[in-house]
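Here is the structure we will look at, set down as structure tokens.
Values in this document were obtained by computation on a predicted structure and should not be read as measured data. Side chains are part of it too, since the values below use all heavy atoms of this structure and drop only hydrogens, waters and symmetry mates.
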Amino acid sequence: GYIQACRGLMISAVCLGFFGAVFGLVGMKCTKVGGSDQTKAKIACLAGLIFILSGLCSMTSCSLYANRITSEFFDPSFVAQKYELGAALFIGWAGASLCIIGGSIFCFSITENSNSPRRGYAYNGATSVMSSRTKVHNSVPDKSPPKHFDKNAYV
């Protein structure tokens with residue numbers, strides 16, 4: 001029974017991840033689908049919540065399976081074949097963690113301070129000729145070419 005529960009949770013995590021990706025693509029500012037920026041922000045937040053839910057389903061499934069494996073492994077009265085924690089569980093935990101972290105970042109990326117508008121920076125140019133030069137060349141350079149170069153030095 002626990003294998004069926006883990007399988008159902010994993011399938012629901014994959015389906016939620018797919019719908020989270022679709023909502024995430026619609027909710028991005030760079031797409032033309034989805035309406036105004038406020039609507040896109042709500043869709044992006046929904047995508048983040050769906051990603052978090054997908055990660056929680058996957059994390060629950062991996063943890064449930066690992067709990068069952070460790071309880072059977074350390075049970076002295078269990079005589080059937082004993083399994084150990086494998087790479088698939090660790091990859092599942094890492095993927096679920098990344099999905100939860102990514103969903104949280106997706107949710108918090110839409111928070112923008114609407115009270116103060118974004119300020120742009122304007123280039124005013126150099127204030128004087130001296131400020132645009134390096135400080136090494138403070139003296140007046142002489143116009144004669146360097147003495148150590150011959151006319152055949154560039155050939």
Give a yes or no on whether the backbone of [Y] and the side-chain of [X] come within a donor-acceptor separation of less than 3.5 Å.
X     : Y     : value
Thr39 : Gly35 : no
Ser58 : Gly55 : no
Lys29 : Lys40 : no
Ser61 : Cys57 : no
Ser54 : Ile50 : no

Taking the side chain as C-beta and beyond, is there a heavy-atom pair between [X] and [Y] under 4.5 Å?
X     : Y     : value
Ile52 : Cys99 : no
Val26 : Thr31 : no
Arg7  : Ile11 : yes

Shortest non-hydrogen contact from Cys6 toward Leu64: SG-CD2, 3.7 Å

Which atom of Gly20 lies closest to which atom of Ala47, heavy atoms considered: O-CB, 3.5 Å

I need the [X] [atom1] to [Y] [atom2] distance, nearest 0.5 Å.
X     : Y     : atom1 : atom2 : answer
Leu25 : Ile43 : CG    : CD1   : 11.5 Å
Cys15 : Met10 : SG    : CE    : 12.5 Å
Met59 : Leu9  : CE    : CG    : 12.5 Å

Ser63 and Thr60 side chains, donor-acceptor separation under 3.5 Å: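 No - no donor-acceptor pair under 3.5 Å links their side chains.
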
Examine [X] and [Y] and state if one hydrophobic cluster contains both, with Ile, Leu, Val, Met, Phe, Trp and Tyr joined whenever side-chain heavy atoms are less than 4.5 Å apart.
X     : Y     : value
Tyr65 : Phe90 : yes
Leu46 : Val33 : yes
Trp93 : Ile3  : yes
Leu49 : Leu98 : no
Met28 : Phe23 : no

Candidate pair Ile69 and Leu85, rule side-chain contact (heavy atoms from CB on, under 4.5 Å), full reasoning: CA-CA 7 Å; Ile69 287 174; Leu85 300 178; 4.2 Å; yes

